[in-house]
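Notes follow once the structure below has been shown.
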Amino acid sequence: MKKVLVIPGNTFVSRNYFSSPMIENLKRISIKDNIKIIVAEIESNPIPEETFDKLKKIFEEEHNIQFVKLIKNPESLIQRLIWHLKNNFFHKVITYRFNEINNFITQKRYKEITNTKINEDDKKYLWNSDIWPKYFGFPFPKSKLIFKIFYFLFSSFLFSNNKIIDENLRILKPDLIILGDIQNPVSFSYFKLSKKYKIRICGNVRTWDHLTKNGPVINGLDEYWVWNPIMREELINFHKINENKIFEVGSPQFDYYLNSKEANKDLMEYFNVKDPINEFSLKSDSSLLFFATNRPHRGIGEESIIHHICENIALGAYPDKDITIILRSHPYDNTFEKRFEEFKKYPFVRLFSSPPLTNFIPSEFREDMIKVNLLLERTKLVLCGQSTFAIDSACTDTPVINISFEGDIKVDEKLSVKNRYNVDHYQKLMSFKGTKIADNFESLDKKIIEYLKDPTLDKEGRSLITKNFAGLSEKPSSDKISERILHNLMVTSGELEPLT
């Protein structure tokens, strides 16, 4: 029996793989092709024992997938020191230097924020990941030689050895390893030990912004899987990966957008998903606005912006006189209900809570994905900050307005919502002209009115976003990934020649 070991490395990857049609594909492969599928937890760090036991039961009893430990937490003082150096120093050093060498827009933004004296009142809007001290690049931050030295040390056996990983590979003896995040420190450890045991290994780029932000990818994988042609070019140009080893497979999170209305109806019945049209009491003649909110430190001033929109709806200031607005939570926002409770006073407002990623249950997020798909099909206009929801909206050809201001909140320009668009991946998305940018209340109202009057505006741009970012094609991403899995297993058995 062939064995495939999947290391998601991140909860978002776990959601995209195990709450999408991909989970059914993995189960089908395990039964039809007699292949053992094994998953090593859901994050890059060990999860609590209670969570592990709960997920193990779900994966093994419902999906015929073995669920195993990812790594072992360091125990001795030396192990803890090595762990700390790898994750909190060496990884940050190679990320900082890689981003400097490539002159990424995102890196310039990080440096500006790091060099800015932030007022005490504004610190609540500051992300820890926005701070990158200069010492990570000392000396000569753009030196390729120094970068190579640090990369060599970071990826060496000194920092890659781990008892659980070694045991996993020795005992499980997988024929193929799939990494869900090829820039994650734990993935480097699995890669190094896979080479020790001569195991074929493929890697998935976690998400669309990482190749110009999260440092170098693992060099030397047998295959690299990306969402779209833009990520392919980034792997070639910045990460110097052999183009023959790169495959555009899309992302399973977008697969439900390929469904017909009949297929969606079947999905709701099969998985017992409550129809969101009934759940949120949406009238057939009501125009639906969908506001994808963010966490408080990213969606600065969203409350005042939503209040402004709600007052305009109440006053009939927009051309569509019957409007319903859904406020959707970010999966990592535990303040959503408290922050937006006040808007329940408006009869046309609905609160839509995403399942929390801190308590990942595959079936809950699958239901959530299906509901979002159905609602976006029904939606006339999406509003969001710098968000993947712009891609989701494009997949259903739904107009989207990107919020680029903080409502009535005053904040340092370097921490502003507008400044968050100064990142490589979003600059590329905006270049396709499939969204409109609202940078004050007046422009917000103007753009809402324009889209409500003519939803076909920027249709061509949305089509380009769908193709170049979601990577949508006639074949679902889940099927493309499944094909790559089977292809690589045929290589391991000698039925096919490996790529060079």
Side-chain angles (χ1 to χ4, degrees), residues 254 256-257 276-277 279-294 299 301-330 340 343 346-352 354 371-405 407 417 421 426 429-430 432-466 469-470:
F254 301 121
Y256 288 124
Y257 296 125
I277 306 302
E279 181 180 353
F280 295 111
S281 303
L282 302 179
K283 294 184 291 184
S284 60
D285 58 347
S286 180
S287 297
L288 181 60
L289 307 188
F290 191 105
F291 197 118
T293 67
N294 214 313
E302 283 179 339
E303 295 91 333
S304 61
I305 293 171
I306 291 168
H307 179 267
H308 173 86
I309 294 171
C310 287
E311 284 297 299
N312 276 352
I313 293 173
L315 292 170
Y318 299 134
D320 296 24
K321 298 309 176 186
D322 192 331
I323 297 175
T324 302
I325 180 167
I326 287 181
L327 309 182
R328 154 78 172 188
S329 71
H330 187 281
F340 299 104
F343 296 104
Y346 295 102
F348 48 78
V349 171
R350 310 285 188 269
L351 300 192
F352 179 15
S354 165
K371 284 182 178 179
V372 169
N373 174 18
L374 293 168
L375 286 171
L376 288 183
E377 289 281 3
R378 170 73 172 74
T379 295
K380 197 166 185 180
L381 174 62
V382 168
L383 301 103
C384 63
Q386 187 245 79
S387 169
T388 309
F389 250 100
I391 302 178
D392 289 89
S393 304
C395 289
T396 56
D397 192 25
T398 306
V400 59
I401 295 174
N402 279 133
I403 306 296
S404 183
F405 70 111
V417 173
Y421 288 88
Y426 227 85
L429 182 141
M430 292 190 297
F432 287 108
K433 302 189 182 306
T435 73
K436 292 189 184 298
I437 309 296
D439 52 15
N440 56 45
F441 284 117
E442 183 180 356
S443 68
L444 174 65
D445 288 336
K446 180 182 177 183
K447 288 168 175 58
I448 289 176
I449 291 169
E450 286 176 355
Y451 272 140
L452 289 179
K453 284 184 174 179
D454 186 1
T456 65
L457 290 173
D458 305 313
K459 183 181 181 68
E460 183 178 345
R462 291 193 294 275
S463 177
L464 289 171
I465 289 173
T466 301
F469 287 93

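Source: prediction; values computed, not measured.
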Using the side chain to side chain contact (heavy atoms under 4.5 Å, CB included) definition, which of the options D397, I391, T466, L376 pairs with Y257? L376
D445 side chain near H308 side chain, heavy-atom distance below 4.5 Å: yes
For the student: nearest non-hydrogen atoms of P455 and P399, plus distance: O-CG, 3.3 Å
Taking C-beta and beyond as the side chain, do L383 and I448 meet within less than 4.5 Å on heavy atoms? yes
Atom pair OG (S286) and CD1 (I323), whose distance is rounded to the nearest 0.5 Å: 7.5 Å
Say you draw a straight line from OH of Y421 to CD1 of I403; how long is it, rounded to the nearest 0.5 Å? 7.0 Å
Below 4.5 Å, heavy atoms only, C-beta onward: do F389 and H330 meet side chain to side chain? no
pair V349-F340: side-chain heavy atoms closer than 4.5 Å: no
Quick one: closest heavy-atom pair of Y451 and G434, and the distance? OH-O, 4.2 Å
Rounded to the nearest 0.5 Å, how far apart are OG1 of T388 and OH of Y426? 7.5 Å
Any non-hydrogen side-chain atom of I305 less than 4.5 Å from a side-chain atom of F291? yes
Report yes or no: does N373 contribute a side-chain atom to a donor-acceptor pair with the main-chain N or O of Y256 at less than 3.5 Å? yes
Measuring from Y318:OH to L289:CG, what's the distance to the nearest 0.5 Å? 8.0 Å
Are the side chains of T435 and L429 in contact, using a 4.5 Å heavy-atom criterion? yes
A side-chain contact here means heavy atoms from C-beta on lying under 4.5 Å apart; do C384 and V400 qualify? yes
Minimal non-hydrogen separation, S304 against G407, with atom names: OG-CA, 3.3 Å
Crowded around E460 CD? As in, over 12 foreign heavy atoms under 6.0 Å? no
What verdict does the side chain to side chain contact (heavy atoms under 4.5 Å, CB included) test give for H307 and F343, after you've listed the backbone C-alpha separation in whole Å, the side-chain angles of each residue and the deciding distance to 0.1 Å? CA-CA 8 Å; H307 179 267; F343 296 104; 3.8 Å; yes
Quick one: closest heavy-atom pair of C310 and F348, and the distance? O-CZ, 3.3 Å
How far apart are the closest heavy atoms of N294 and Q386, and which atoms are they? ND2-O, 4.5 Å
Evaluation steps, side chain to side chain contact (heavy atoms under 4.5 Å, CB included), between R328 and V372: CA-CA 9 Å; R328 154 78 172 188; V372 169; 3.8 Å; yes
dist T293:OG1 -> E303:CD (nearest 0.5 Å) comes out at 9.0 Å
Distance in Å, D458 CG paired with K436 NZ, rounded so as to fall on 0.5 Å steps: 4.0 Å
Looking at every non-hydrogen atom in both residues, tell me the closest pair between K453 and P319 and how far apart they are. CG-CG, 4.0 Å
Stepwise side chain to side chain contact (heavy atoms under 4.5 Å, CB included) check, Y346 with I313: CA-CA 10 Å; Y346 295 102; I313 293 173; over 6 Å; no
Using distance alone, with no hydrogens and no angle criterion, decide if T398 and T379 have a side-chain donor and acceptor under 3.5 Å apart. no
For residues V417 and F405, determine if any side-chain heavy atom of one lies less than 4.5 Å from a side-chain heavy atom of the other. no
